[in-house]
Structures are given as C-alpha cells and as structure tokens.
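These numbers come from a predicted model, not from an experiment.
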Amino acid sequence: MFQRRPFNYSDRAHFVGHSLVAPRVKVVYMPTTKSACSSIKMMLAEANDSYRPDNARYLHSPNISVAQTIHQIEVNGLQFFRYLDTALQDEIWESPDWWRVGALRHPYARTYSAFENRILMRAPSVLSEEVWDFCGDDRVDGNIDIASTFRRFVHALRGRPDLFFVDDHFTAQWGSVRDDHVRYTHFFRVDKPGEMDRFARELSERAGRSITPKRLNEGLGIKYRDVMDAHTAALIEEIYADDFARYGFEKEIFPTEPIKLVATTRETRAIDYARDITQRLRQLSRLARWRRGWKYGAGQVLRDAGLRRRLDRKSTRLNSSHEW
C-alpha cells in the first residue's frame with residue numbers, strides 16, 4: 001500500500017487532489033458527492049482489499065451511520081492522490097494500465113438528494129447557521145411540506161450560492177470530475193440503468209473477486225419528480241447550466257403548479273427526531289475532537305517539560321564536572 005506523504009501540491013493534484021487511489025487494482029476515482037460516491041468507494045475498497053469497517057469505532061467524525069464511515073480513509077483504506085509523489089501521479093494520469101474513473105448524476109436528482117440529506121434531515125455539514133434563515137421548514141398544521149421546503153431551498157441556492165457552495169454537495173459536478181484535465185477510462189451516469197452493474201462487473205474481473213454495488217446512504221424514498229414543478233426545475237437548470245451544457249443532461253417537463261407533499265404527523269416527528277440525534281452527534285464529535293486535541297497538547301507539554309528537566313540535569317552535571 002502507498003505510504004502517506006505530505007501534500008504534494010502538483011498541478012495535477014491542484015485540480016483533482018481529492019481523488020482516491022486503489023493501488024491493488026490500479027484505479028483512481030474522482031468522487032462527486034451525491035452521485036453514488038458512497039457505493040463506488042465501497043466497491044473500490046473491497047476490490048483493493050482495504051475495507052476495514054472495524055476501524056469506525058476509533059473515529060470521532062460525525063458520520064450518521066456505520067455505512068457512512070466508508071468516506072473515511074481509516075475505513076476504506078484508499079489513498080489520496082495528493083499525497084503521492086509526482087512520478088506516481090504522472091503514471092496514474094498517463095498510463096494505459098490505470099483506470100481513471102468518474103461518475104455523474106442528473107442535476108434534478110442530485111439537487112433533491114443533497115437537499116434531503118443536508119437541509120431536510122440536516123446531516124452534519126460545513127454549512128453556516130445563516131442557511132437556516134433561508135431554509136426553514138414550510139409546515140401545514142405542524143407537518144413539513146417537503147415539496148414547498150424544497151422549493152424554498154432551491155430559491156435560496158440560486159439567490160445566495162455563497163452560503164451553499166462551501167459544501168461540495170451543492171457545487172456543480174464539472175468542478176469535481178474535471179474532465180478537461182483527466183483522460184477518463186470510465187465515465188458514466190449512475191442514474192442510467194445498468195451502468196453501475198456494468199462497472200461492477202468490469203471491476204470484479206480486474207480485482208479477481210466478486211464486487212456487487214451496494215445501495216448506501218439511501219434517503220426517504222422520495223424521488224425528485226415527487227416534489228418538482230416547472231419553475232423549480234428551471235432554477236436548477238440555471239444554477240447548473242454548465243453541467244447541463246457540458247454533459248447533455250435531459251430537460252424534463254414538470255407541472256406548472258407547485259406540488260404539495262406534506263409529511264404525516266408521524267413522519268414529521270421522525271424527521272424532527274432524526275435532526276435532534278444528528279445535532280447531538282455533532283456535539284459529541286466536536287467534544288471528542290477537542291478532548292483528543294487537548295490530550296495531545298497536554299502530552300506535548302509534559303514531554304517538553306520532561307525533556308527540559310533532563311537537559312537541566314545534564315547541564316548541571318556538566319557544570320559540576322568543570323568546577324575546580
């Protein structure tokens with residue numbers, strides 16, 4: 001396995017430094033959030049024989065499930081492209097022996113999925129608290145109107161992209177895959193029937209073992225067509241115009257009238273409960289990181305103090321030996 005090195009800020013790492021390398025099967029993957037990246041990382045970790053789910057117990061990151069720890073290097077065992085030396089980066093980039101893998105998802109589906117994960121369910125993210133001034137729930141008799149809340153979010157995303165683009169779940173896909181810099185051997189749509197299965201079959205053959213796509217990070221079962229109207233779709237097409245133009249995503253026809261999708265009282269309570277759990281998880285994660293940092297700092301202070309005492313004793317002995 002490649003050893004982790006300091007960040008190699010090469011020109012290539014500048015564009016795709018977030019890419020993950022599976023050295024056993026010679027695959028580099030440029031992840032795109034909300035485009036089956038959890039499933040693809042799992043497949044690559046299994047093909048690489050580096051998947052270590054037991055390591056999740058040692059993590060203090062606020063993953064909302066054990067399956068979500070697949071994003072952590074300690075669990076997937078993959079390597080960041082940015083830590084490799086320049087010669088190896090060049091080989092990965094140019095060699096026909098290496099697979100260079102990227103994946104896309106239709107912006108309608110990806111936008112709703114990001115909304116459900118980050119806004120509706122409020123999964124841990126880097127979003128500021130100001131987001132909630134624009135993305136509060138629309139409720140009917142106390143119950144969440146998911147469609148109306150989604151529309152509110154899309155309007156906020158268009159009006160204040162600066163609040164959302166700090167989280168790559170909301171950024172355009174071209175900025176992740178950078179197909180203007182990467183010569184892909186595998187570049188496919190995860191929402192096209194059969195594409196994930198085809199990639200899994202080819203990866204299985206390359207790895208010499210059976211690799212099966214697993215559905216990870218599944219949401220509430222709501223599809224984008226359940227909440228989409230024509231005006232909201234037009235806003236998404238505007239926000240992600242570069243993705244639509246670059247990758248030829250199909251534009252669909254939706255109802256002109258806003259859709260209502262009101263959660264039941266039980267469903268609303270379940271969503272509120274999940275939010276409370278996530279909030280508490282974030283608090284515990286911050287506390288764990290703080291304690292780990294405090295213990296490390298205290299250990300350094302104690303080690304430094306011990307070193308100083310040893311140096312002082314040695315200096316005293318040397319001074320004593322020079323006394324006449």
Salt-bridge contact [X]-[Y] (side-chain N to carboxylate O under 4.0 Å):
X      : Y      : value
Arg139 : Asp141 : no
Arg269 : Asp272 : no
Asp133 : Arg160 : no
Glu250 : Arg189 : yes
Glu195 : Arg105 : no

In Å, rounded to the nearest 0.5 Å, how long is the span from [atom1] of [X] to [atom2] of [Y]?
X      : Y      : atom1 : atom2 : result
Phe254 : Ile236 : CZ    : CD1   : 7.5 Å
Leu203 : Arg209 : CG    : CZ    : 10.0 Å
Asn76  : Ile40  : CG    : CD1   : 13.0 Å
Ser128 : Leu163 : OG    : CG    : 5.0 Å
Asp137 : Thr149 : CG    : OG1   : 5.0 Å
Ile70  : Met42  : CD1   : CE    : 4.0 Å

Test log, rule side chain to side chain contact (heavy atoms under 4.5 Å, CB included), inputs Ile119 and Leu127:
CA-CA 10 Å; Ile119 305 300; Leu127 296 175; 4.1 Å; yes
Give me the atom names and distance for the closest heavy-atom approach of [X] to [Y].
X      : Y      : answer
Met196 : Ala36  : CE-CB, 4.1 Å
Ser113 : Lys34  : OG-CE, 2.7 Å
Thr69  : Val75  : O-CB, 3.3 Å
Met43  : Phe199 : CE-CD2, 3.8 Å
Cys37  : Thr32  : CB-O, 3.5 Å
Trp93  : His181 : CZ2-O, 2.7 Å

Non-neighbouring partners of [X] that pass side-chain contact (heavy atoms from CB on, under 4.5 Å), sequence neighbours left out:
X      : result
Ala263 : Ile146, Glu267, Thr268
Thr33  : Arg110, Asp168, His169
Glu257 : none
Ser95  : Glu91, Asp97, Trp98

Ring pair (Phe, Tyr, Trp, His ring centres under 6.0 Å) with [X]: which residues, sequence neighbours excluded?
X      : answer
His231 : His155
Phe164 : Phe153, Phe170
Tyr112 : Phe115, Phe150
Tyr224 : Tyr108

Do any N or O atoms from the side chain of [X] and from the backbone of [Y] form a donor-acceptor pair under 3.5 angstrom?
X      : Y      : result
Arg100 : Met30  : no
Thr111 : Pro107 : yes
Asp243 : Gln173 : yes
Thr171 : Phe165 : no
Asp145 : Leu261 : yes
Gln89  : Leu84  : yes
Glu46  : Tyr51  : no
Glu237 : Lys251 : no

Pair His186-Glu202, side-chain donor/acceptor within less than 3.5 Å:
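A donor-acceptor contact under 3.5 Å links the two side chains.
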For Arg158, all residues meeting salt bridge (charged side-chain N to carboxylate O under 4.0 Å, His left out), sequence neighbours excluded
Glu238
List in chain and number order the residues that pass side chain to side chain donor-acceptor pair (under 3.5 Å) with Arg52, two or more places apart in sequence or in another chain; answer none if no residue qualifies.
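Residues passing side chain to side chain donor-acceptor pair (under 3.5 Å) with Arg52: none at all.
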Check which hydrophobic residues are tied to Val262 through side-chain heavy-atom contacts below 4.5 Å, counting indirect links as well, and list them.
Val140
Between Leu220 and Ile259, is there shared hydrophobic-cluster membership here, with clusters defined by ILVMFWY side-chain heavy atoms closer than 4.5 Å?
no
Hey, quick one: are Ile253 and Tyr240 part of the same hydrophobic cluster, counting side-chain heavy atoms closer than 4.5 Å, chains of contacts allowed?
no
Would one find more than 12 heavy atoms of other residues, nucleotides or ligands at under 6.0 Å from atom NZ of Lys192?
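Incorrect, the count does not exceed 12.
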Side chains of Phe187 and Val182, heavy atoms from C-beta outward: is any pair under 4.5 Å?
no
Should Phe188 and Val101 count as side-chain neighbours, where that means a heavy-atom distance under 4.5 Å?
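In short, these two side chains touch, coming nearer than 4.5 Å.
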Output, in order, the C-alpha distance, side-chain angles, deciding distance and verdict of side chain to side chain contact (heavy atoms under 4.5 Å, CB included) for His71 and Ser38.
CA-CA 7 Å; His71 295 290; Ser38 300; 2.8 Å; yes
Got a sec, which pairs hit side chain to side chain donor-acceptor pair (under 3.5 Å) with one end in residues 18-29, sequence neighbours left out?
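The answer is none; no pair qualifies.
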Walk me through whether Ile73 and Leu20 qualify under side chain to side chain contact (heavy atoms under 4.5 Å, CB included).
CA-CA 9 Å; Ile73 293 295; Leu20 294 170; 3.8 Å; yes
May I have the step-by-step check of side chain to side chain contact (heavy atoms under 4.5 Å, CB included) for Asn55 and Gln72, ending in yes or no?
CA-CA 10 Å; Asn55 287 348; Gln72 306 300 319; over 6 Å; no
